[in-house]
Amino acid sequence: MRAAVVQTSGEVRLVDVPEPTPGPGQVLVEVEAIGAGYVDVMVRRGEYPGSTGPGSVPGAEVAGRVQAVGPGAPGDLVGQRVLAILGVGGYAEQVVADAGRVLPVPRDADAAEAVALGVNALVAEHALRRAGTTAGERVLIRGAGGGIGVLTTQIAHARGAEVTAVTSSPARGKRLRELGAARIVDRTSGAAPDQTYDVVVDTVAGPDTGSYLELLRDNGRYVLCGAAAGAPTEDVLATLVRDFHKSPTLLAFSLNSVTPEELSRSWQEVTALWQQGLLSPVLHRSLTLSDAEQALELLERGAPFGKVVMLRR
Ligand SMILES: NC(=O)c1ccc[n+]([C@@H]2O[C@H](COP(=O)([O-])OP(=O)(O)OC[C@H]3O[C@@H](n4cnc5c(N)ncnc54)[C@H](OP(=O)(O)O)[C@@H]3O)[C@@H](O)[C@H]2O)c1
């Protein structure tokens with residue numbers, strides 16, 4: 001089978017590799033669509049836990065059909081269409097995944113839509129749920145035009161929150177309004193949010209993290225679920241101590257440590273919203289596996305609005 005492997009030059013190239021065999025508790029998935037995300041850029045650079053840069057295969061999620069199961073994995077998964085949450089290895093024609101990290105694709109959905117929601121919708125749903133977001137609360141979303149951001153905007157709006165989206169152009173702002181944002185902050189215009197918030201969902205981190213943490217209201221919750229701009233450069237703990245009187249909460253989470261039960265519950269929430277028409281996948285571009293380098297380059301530039309999806313061919 002073919003997989004897109006990171007070369008020593010840093011480029012990814014489609015090469016022939018041995019077909020994988022499912023081990024204990026694993027399933028073998030024949031890939032139909034691959035979700036490309038910023039995390040794949042980190043894998044390419046060797047910055048993602050467990051990735052080495054050269055020799056790695058990026059790809060945190062795929063959708064496809066289960067072909068076989070390993071010892072101890074449920075046999076009734078064979079033949080089912082699933083979303084498989086992987087971490088790495090998804091830029092390939094076949095993958096093995098832990099049976100506890102595959103989720104059913106609704107019957108009427110295509111594989112591209114499933115991965116366009118996929119990991120990003122699970123992160124968005126988790127972020128808002130872990131923050132205990134309720135209707136009427138003010139939610140600020142950083143990286144709102146990105147893969148996770150567009151879905152967090154929609155889910156927060158669907159749950160009755162008042163959303164402020166931080167993004168990087170008037171055009172992106174316009175699209176975010178259409179997805180449910182009540183307010184737009186264009187970070188490239190020098191504008192800054194002029195309100196305080198019950199919840200901040202941050203997929204960006206980087207040097208401005210402290211200034212966003214300061215925007216929490218009393219009993220506010222800050223959910224750090226990504227770092228598209230790298231690690232914070234200042235002491236955010238010092239900000240928390242200074243704002244102690246507001247009882248702020250700082251949460252960080254990764255889907256990697258979410259239990260199979262939590263993943264399944266979250267996916268049920270996501271697919272229910274989707275089927276009710278309250279959440280729709282936002283595809284920036286549909287490419288094929290042979291365009292993997294182009295997908296990574298788009299992500300590296302922060303160009304996509306929504307999700308980049310690669311079809312197998
Ligand atoms: N917690 C988890 O389990 C989990 C799972 C998957 C991914 N992640 C992480 O979440 C982060 C976002 O992933 P994604 O797939 O949504 O990425 P993405 O599609 O590339 O979106 C990131 C967005 O952040 C904004 N941004 C990028 N660079 C920025 C900068 N220097 N300053 C301010 N804003 C910037 C841009 O949005 P605007 O142009 O709209 O501002 C960009 O579209 C990544 O760090 C990824 O590794 C976490």
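As the structure lists them, so they are numbered: ligands from 1, and atoms in each ligand from 1.
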Just going by heavy-atom distances, which of [options] is nearest to [atom]?
| atom | options | result |
| --- | --- | --- |
| atom 33 (C) of ligand 1 | Leu176, Val204, Asp202 | Val204 |
| atom 11 (C) of ligand 1 | Ile141, Leu122, Thr203 | Thr203 |
| atom 16 (O) of ligand 1 | Thr167, Leu299, Leu255, Ile148 | Ile148 |
| atom 35 (C) of ligand 1 | Arg301, Arg142, Arg175, Arg187 | Arg187 |

Ligand 1 versus Val123, non-hydrogen atoms closer than 4.0 Å: side chain, backbone, both, neither?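 The answer is the side chain of Val123.
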
Residue and atom name of the nearest protein heavy atom (relative to [atom]), distance in Å to one decimal:
| atom | value |
| --- | --- |
| atom 17 (O) of ligand 1 | Tyr38 CB, 3.3 Å |
| atom 48 (C) of ligand 1 | Cys225 O, 2.9 Å |
| atom 45 (O) of ligand 1 | Ala227 N, 2.8 Å |
| atom 25 (C) of ligand 1 | Gly143 CA, 3.6 Å |
| atom 39 (O) of ligand 1 | Ser168 OG, 2.5 Å |
| atom 21 (O) of ligand 1 | Gly146 CA, 3.2 Å |

Going by an N to O cut-off under 4.0 Å, is there a salt bridge joining Glu293 and Arg44?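 Salt bridge present between Glu293 and Arg44.
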
Using a strict 4.0 Å threshold on nitrogen-to-oxygen distance, state whether Arg183 and Glu162 make a salt bridge.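 Judged by the 4.0 Å cut-off on N to carboxylate O distance, Arg183 and Glu162 do form a salt bridge.
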
Reported [atom1]-to-[atom2] distance for the pair [X] and [Y], which is rounded to 0.5 angstrom:
| X | Y | atom1 | atom2 | value |
| --- | --- | --- | --- | --- |
| Ile85 | Leu103 | CD1 | CG | 5.5 Å |
| Arg138 | Leu215 | CZ | CG | 11.0 Å |
| Thr259 | Arg265 | OG1 | CZ | 10.0 Å |

If you compare all heavy atoms of Thr133 against all heavy atoms of Ala161, which two are closest, and at what distance to 0.1 Å?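 Closest pair (atom of Thr133, atom of Ala161, distance): CG2-CB, 4.3 Å.
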
Work out which heavy atom in Val27 is nearest to a heavy atom in Ala73; give both atom names and the distance.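 Minimum heavy-atom contact is CG1-CB, 4.4 Å.
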
Considering the heavy atoms of [X], write down every atom of ligand 1 situated less than 4.0 Å from one of them.
| X | answer |
| --- | --- |
| Ala228 | 27 (C), 45 (O) |
| Val119 | 5 (C), 6 (C) |
| Gly226 | 9 (C), 10 (O), 11 (C), 45 (O) |
| Met42 | 47 (O) |
| Ser254 | 1 (N), 2 (C), 3 (O) |
| Ala229 | 30 (C), 31 (N) |
| Arg172 | 37 (O), 38 (P), 39 (O), 40 (O), 43 (O) |
| Gly147 | 16 (O), 18 (P), 19 (O), 21 (O) |

Phe253 vs Val123, test: side-chain contact (heavy atoms from CB on, under 4.5 Å). Steps then yes/no. CA-CA 9 Å; Phe253 89 94; Val123 172; 3.9 Å; yes

Among Gln67, Gln94, Arg65, find the one that has a side chain to side chain donor-acceptor pair (under 3.5 Å) with Glu30.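 Of all the options given, the one that passes is Gln94.
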
Under a 3.5 Å cutoff, is there a donor and acceptor pairing between the side chains of [X] and [Y]?
| X | Y | result |
| --- | --- | --- |
| Tyr222 | Thr249 | no |
| Asp208 | Ser211 | no |
| Asp202 | Tyr212 | no |

Going by distance only, is there an N or O of Gly145 that falls short of 3.5 Å from an N or O of ligand 1?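 Among all N and O atoms of Gly145, at least one is under 3.5 Å from an N or O of ligand 1.
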
So does His284 have more than 12 non-hydrogen atoms from other groups sitting under 6.0 Å from NE2?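 Result for NE2/His284: enclosed.
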
Please confirm whether Gly206 approaches ligand 1 to less than 4.0 Å, judged on its heavy atoms.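 The answer is no, since Gly206 has no heavy atom less than 4.0 Å from ligand 1.
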
Using heavy atoms and a 4.0 Å limit, tell me yes or no: is Val166 in contact with ligand 1?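 Yes.
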
